[in-house]
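Remarks on the structure that follows.
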Amino acid sequence: MIVVDRIKNSQGDIYAKLSFEPQKNYLLMKWVGPCSEEEVKIASMRMYEWQKREGVRAKCRFHVHDTKEIEGAWAGLVDWISNYFFQLNYEYGLRYNISIISPDLFSKLSSFELKKRSNSKVATILCETISQAEAFLTQKYTEMD
């Protein structure tokens with residue numbers, strides 16, 4: 001796993017860690033603790049910048065969001081994610097968004113809402129663990145060959 005970025009809030013605390021897994025060819029965002037909707041947008045746009053710069057060359061088709069340690073709802077961002085963020089990334093190769101579901105009820109409900117509103121360009125898949133996410137994307141890469 002190659003660390004791409006550590007995103008900090010205005011207090012200097014890391015709330016998101018961005019890494020690339022070259023062996024399985026996916027970008028991972030690990031969300032940690034509470035963060036505002038604006039902070040989610042800032043971190044998400046770092047994913048987009050990477051996808052545009054590096055992901056398109058690597059033919060990276062998968063973004064994995066590990067929300068197991070995120071606190072609180074981000075349901076207010078579902079429209080922004082599905083109608084704006086996914087569209088931007090689709091142009092540079094993104095085809096699947098995989099969310100590792102949080103035990104936090106509000107975050108979990110936000111993940112379910114995102115899956116429900118997922119469009120045909122970028123599908124949202126919900127998993128319980130990173131291992132399940134990797135099994136899914138390995139299967140999909142095999143089907144794409």
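- For the pair Q51 (side chain) and Y48 (backbone), a donor-acceptor distance under 3.5 Å is absent.
- If you take NZ on K41 and CG on L77, they are separated by 6.0 Å, rounding to the nearest 0.5 Å.
- When the side chain to side chain donor-acceptor pair (under 3.5 Å) test is applied to Q23, no partner is found at least two apart in sequence or on another chain.
- The shortest distance between side-chain heavy atoms of K59 and R61 falls below 4.5 Å.
- Taking the six-membered ring for Trp and thresholds of 30 and 60 degrees, F136 and Y96 have ring planes more than 60 degrees apart, a perpendicular arrangement.
- Atoms CG and CD, from N9 and E38 in turn, are 13.0 Å apart once rounded to the nearest 0.5 Å.
- When every heavy atom of I14 is checked against every heavy atom of K17, the shortest pair comes out as CG2-CG, 3.8 Å.
- Side chains of F62 and K140 form a contact here, defined as non-hydrogen atoms less than 4.5 Å apart.
- Looking only at side-chain heavy atoms (C-beta outward), Y26 and E134 come within less than 4.5 Å of each other.
- M29 and A16 make their closest contact through SD-CB, 3.5 Å (heavy atoms, listed as atom of the first residue, atom of the second, distance).
- Here the side chains of N97 and I125 are not in contact, with every heavy-atom distance at 4.5 Å or above.
- At least one side-chain heavy atom of I81 sits less than 4.5 Å from a side-chain heavy atom of F86.
- More than 12 heavy atoms of other residues, nucleotides or ligands sit less than 6.0 Å from atom NZ of K68.
- In this structure, the separation between CG on L28 and CD1 on I100 is 8.0 Å, given to the nearest 0.5 Å.
- The two atoms that bring C35 and W31 nearest to each other are SG-CE3, 4.1 Å, heavy atoms only.
- Side-chain atoms of Y15 do not come within 3.5 Å of backbone N or O of I7 as any donor-acceptor pair.
- In this structure, R95 contributes its side chain and Y90 its backbone to a donor-acceptor pair below 3.5 Å.
- The pair R57-E54 meets the salt-bridge criterion, since a charged nitrogen lies less than 4.0 angstrom from a carboxylate oxygen.
- The side-chain heavy atoms of M45 and L88, taken from C-beta on, include a pair separated by under 4.5 Å.
- When all heavy atoms are compared, the tightest approach of R6 to V3 is NH1-CG1, 3.4 Å.
- A heavy-atom distance below 4.5 Å is not found between the side chains of H65 and I98.
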Could you walk me through whether E49 and K52 pass side-chain contact (heavy atoms from CB on, under 4.5 Å), step by step? CA-CA 5 Å; E49 291 164 10; K52 184 177 175 182; 5.8 Å; no

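- To the nearest 0.5 angstrom, I101 atom CD1 is 11.0 Å from D66 atom CG.
- Note on ring orientation: taking the six-membered ring where Trp is involved, the planes of F85 and H63 are tilted (angle from 30° to 60°).
- In this structure, the side chains of M47 and L18 come closer than 4.5 Å at one or more pairs of heavy atoms.
- Rounded to the nearest 0.5 Å, atoms CG (D13) and NZ (K8) are 9.0 Å apart.
- The line from SG of C60 to CG of N25 is 5.0 Å long, rounded to the nearest 0.5 Å.
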